[in-house]
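Chain identifiers are assigned alphabetically (A, B, ...) following the order of the sequence lines, protein sequences preceding nucleic acid strands; residue numbering begins at 1 within each chain.
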Number of protein chains: 2
Amino acid sequence: MANIKDIAKMAGVSVTTVSRVLNNQPYVSAEKKDAVRRAIENSNYQPNINAVHLSRGKTFLIGVVVPFSNHPYFGLLIEGIANEALKNNYKLVLFQTNYEESREIEALTMLKYKQIDALIICSRICEWDIINDHVSYGPIILCEDARGRKVSSTFIDHYKSFSKALEYLYQRGHKKIGYCIGRRTGANSQQRETAYKDFLMKFNERLEENFIFLECFNFEDGERVVERLINMSNPPSALLVSSDQVAAGILTCCKELNILVPDELALMGFDNQPIAKIMNITTLEVPLIEIGRRLYIQAMDNTTISHDEIQVKLIERLTV
Amino acid sequence: MANIKDIAKMAGVSVTTVSRVLNNQPYVSAEKKDAVRRAIENSNYQPNINAVHLSRGKTFLIGVVVPFSNHPYFGLLIEGIANEALKNNYKLVLFQTNYEESREIEALTMLKYKQIDALIICSRICEWDIINDHVSYGPIILCEDARGRKVSSTFIDHYKSFSKALEYLYQRGHKKIGYCIGRRTGANSQQRETAYKDFLMKFNERLEENFIFLECFNFEDGERVVERLINMSNPPSALLVSSDQVAAGILTCCKELNILVPDELALMGFDNQPIAKIMNITTLEVPLIEIGRRLYIQAMDNTTISHDEIQVKLIERLTV
DNA sequence: CTGTTAGCGCGTTCAC
DNA sequence: GTGAACGCGCTAACAG
């Protein structure tokens with residue numbers, strides 16, 4: 001394996017000059033640049049990435065924290081980040097937390113010790129204090145509304161979008177609306193809960209605690225929801241489901257039990273994933289790949305703190 | 001950020017000694033070892049990973065090639081690899097190929113230039129020649145039967161398991177059996193095709209080209225299958241579906257169209273993913289996480305070439 | 001524009 | 001048992 005010194009010798013220049021053409025820096029004459037280029041081609045030289053990292057003091061690694069990686073929501077987010085990272089020669093290090101705080105702190109610690117250059121947290125567990133303690137070590141980017149905080153973020157306004165969905169259901173004649181969500185804590189979830197409560201208040205409806213379905217992450221969680229639903233004496237007539245996967249699971253179970261959708265139960269999904277299209281689920285479209293792209297771009301910028309709000313779009317199909 | 005020299009100074013020893021205790025090497029007196037340990041704790045020192053990499057000539061990065069990462073099959077495989085890698089301080093670099101050969105070669109090239117220490121190919125596209133050209137650069141591990149090749153592999157015998165499934169369907173009275181698969185090329189797919197043809201031969205059935213459904217990867221691909229099915233004058237009575245996701249999609253469409261499963265159409269899935277359990281799909285269980293674990297272990301061993309065959313298990317449910 | 005040289009932080013001979 | 005010194009391959013002042 002040839003190294004930079006060999007190339008320098010072959011091209012009859014100094015290692016600095018080689019380094020300069022390698023990094024597209026100015027101040028190299030056309031002739032020398034050509035000589036270096038030729039030497040590189042003749043020897044199929046490849047820079048030693050480890051040496052570059054050491055010298056630059058960077059790892060070209062970017063940490064991505066997700067609760068689970070085999071969920072389409074996070075899968076798409078990761079894809080968006082990865083696509084953009086690839087272009088810039090950055091690699092991704094995945095931290096799958098399963099919502100354990102310690103795993104998230106592990107990622108933060110790696111940032112502290114420069115084992116990664118930046119950290120994107122797709123779903124935060126730990127308190128802001130802990131995040132704040134780490135901001136000085138490198139860019140930390142969040143996928144939730146972090147305006148007013150010391151970190152950048154790309155987010156959707158869950159209060160706004162949840163309200164929008166609720167009003168849409170209301171206009172369609174639904175007074176008793178419930179919702180399904182993964183976990184109750186978490187900034188995004190709390191925004192939604194607030195939107196839900198404000199909505200009830202506005203229309204003078206009472207909050208029914210059992211209209212809220214927790215632990216809804218995957219297709220299979222839909223079964224539990226339907227089971228609970230059929231045992232309720234006064235069930236909701238519509239459900240706002242924070243993931244198309246779960247909505248699809250619910251829809252499948254409903255069909256099995258001959259529960260008519262949307263007549264007996266209306267369903268509104270979230271994300272607009274392929275499964276929503278195929279099953280004709282009315283949903284709120286979230287451009288996850290684009291969000292991933294922006295998260296990456298923010299991660300690369302360690303000077304500015306910015307906040308990108310992403311808009312969602314209501315897609316009308318057949319479940320409402 | 002303290003470095004090894006600082007620790008040496010604090011502990012009153014040389015950097016060599018610090019390095020020795022860091023790497024659990026012998027020939028360090030208990031006292032000095034303790035002194036170093038204390039110094040490390042007091043300064044929350046963390047070795048500079050880049051320097052370690054450069055010095056060792058290793059990256060502690062392991063490449064993983066998958067066609068797409070948001071499919072549960074590969075998601076679980078990745079999870080299995082990642083779990084094991086984490087324990088050994090290895091990070092994963094994901095190569096998402098979308099079945100483009102050039103992306104796979106890119107990964108191989110990174111191995112060649114020591115940008116990763118090993119490469120696990122979960123679904124191969126390129127020819128064996130190309131693989132062979134790279135074996136000298138580092139461990140390459142495949143997730144297909146590679147016995148007789150110069151690389152290690154963890155695999156399931158798709159010929160055997162496909163035959164097993166076909167015979168099971170046959171015993172249940174199905175003569176006209178079709179199957180759904182992602183792509184036709186690919187070693188695993190070809191094994192299955194051979195099993196299919198041999199099965200037909202054995203029972204004197206004719207090969208119906210349109211009993212083979214290609215491009216079946218995700219839930220949503222099930223729709224296409226059912227559409228084609230209802231337009232067939234002489235459709236198969238049973239389908240062997242190489243992914244539970246697709247089987248679930250087919251099942252969902254069938255319910256929509258009032259096609260009775262298994263009476264009018266029997267379905268046998270593959271993998272035993274959560275969705276198969278919830279939808280009561282008869283399937284062949286594949287221990288993907290365990291396969292991932294073994295792939296990693298093989299990747300770490302750059303001296304021996306080994307081949308692990310993994311057994312699958314038939315899980316009887318309600319779709320056959 | 002170009003080259004010399006000093007690090008980057010750690011692993012590893014080798015002499016003591 | 002221990003430590004001085006060199007090397008890993010590259011980047012970035014700095015001097016010219």
Practice problem: Strictly below 4.0 Å, heavy-atom distances to any atom of DNA chain D: list the hits from residues 106-117 of chain A, or just say none. | Solution: none

Quiz prompt | Euclidean distance, atom CZ of residue A/Phe60 to atom C1' of D/dC10 [Å, nearest integer] | solution = 12 Å

Quiz item: Can a donor-acceptor pair under 3.5 Å be found between the side-chain atoms of A/Ser55 and the base atoms of D/dA12?
Solution: no

Quiz item: Quick one: side chain to side chain contact (heavy atoms under 4.5 Å, CB included) partners of A/Leu94, sequence neighbours excluded?
Solution: A/Val64, A/Ser69, A/Ile78

Quiz item: What is the distance from CG of B/Asn3 to P of C/dG11, rounded to the nearest Å?
Solution: 12 Å

Quiz prompt | Rounded distance (Å) that lies between atom C1' of D/dA5 and atom CD1 of B/Ile4 | solution = 14 Å

Quiz item: Got a sec, which residues hit ring pair (Phe, Tyr, Trp, His ring centres under 6.0 Å) with A/Phe217, two or more places apart in sequence or on another chain?
Solution: A/Phe68

Exercise. Please name all residues satisfying salt bridge (Lys or Arg N to Asp or Glu O under 4.0 Å) with B/Asp145, sequence neighbours left out, ordered by chain then number.
Key: B/Arg147

Quiz item: Side chain of B/Leu54: nearest nucleotide among D/dC10, D/dC8, D/dA4?
Solution: D/dC8

Exercise. Take the protein atom CG of B/Asn48 and the nucleotide atom P of C/dG9, then report the distance between them rounded to whole Å.
Key: 6 Å

Quiz prompt | Residue pairs, two or more places apart or on separate chains, that pass salt bridge (Lys or Arg N to Asp or Glu O under 4.0 Å) and touch residues 121-132 of chain B | solution = B/Arg124-B/Glu144

Practice problem: With DNA chain D as reference, determine whether B/Thr16 or A/Ala2 sits nearer its 5' end, using the nearest nucleotide of each. | Solution: B/Thr16

Practice problem: Examine C/dG3: is either OP1 or OP2 under 4.0 Å from a nitrogen or oxygen in the side chain of A/Thr17? Give yes or no. | Solution: yes

Exercise. Could you check how far CG of B/Asn50 sits from C1' of C/dG7, rounded to whole Å?
Key: 15 Å

Please output the side-chain donor-acceptor pairs of residues 109-116 of chain B that fall under 3.5 Å, not counting sequence neighbours, one pair per line with the distance.
unit_1   : atom_1 : unit_2   : atom_2 : d
B/Thr109 : OG1    : B/Ile105 : O      : 2.7
B/Tyr113 : OH     : A/Asn44  : O      : 3.0
B/Lys114 : NZ     : B/Tyr137 : O      : 3.0

For residues 5-17 of chain A, which side-chain donor-acceptor pairs fall under 3.5 Å, sequence neighbours excluded?
unit_1  : atom_1 : unit_2  : atom_2 : d
A/Asp6  : OD2    : A/Asn3  : N      : 3.0
A/Ser14 : OG     : A/Thr16 : N      : 3.4
A/Ser14 : OG     : A/Thr17 : N      : 3.4
A/Ser14 : OG     : A/Thr17 : OG1    : 3.4

Quiz item: Between B/Arg293 and B/Glu290, does at least one N-O distance fall below 4.0 Å, as a salt bridge requires?
Solution: yes

Self-check item: Inter-axis angle, terminal five-pair segments of the helix from C/dC1-D/dG16 to C/dC16-D/dG1 [nearest 10°]
Solution: 40°

Practice problem: Report the residues that fulfil ring pair (Phe, Tyr, Trp, His ring centres under 6.0 Å) with A/Tyr45, sequence neighbours left out, ordered by chain and then residue number. | Solution: none

Practice problem: For DNA chain C, find the residues of residues 18-36 of chain A with a heavy-atom distance under 4.0 Å and give them by number; none if there aren't any. | Solution: A/Arg20, A/Tyr27, A/Val28, A/Ser29, A/Lys32

Quiz item: Once you round it to whole Å, what is the distance between P of D/dG9 and CZ of B/Arg56?
Solution: 16 Å

Practice problem: Answer yes or no: is there a donor N or O on one side and an acceptor on the other, between the side chain of B/Asn23 and the main chain of B/Gln25, under 3.5 Å? | Solution: no

Practice problem: Among residues two or more places apart or on two chains, list those pairs meeting salt bridge (Lys or Arg N to Asp or Glu O under 4.0 Å) that have a residue in residues 88-110 of chain A. | Solution: A/Arg103-A/Glu106

Quiz prompt | Set of salt bridge (Lys or Arg N to Asp or Glu O under 4.0 Å) partners for B/Asp308, sequence neighbours left out | solution = B/Arg294

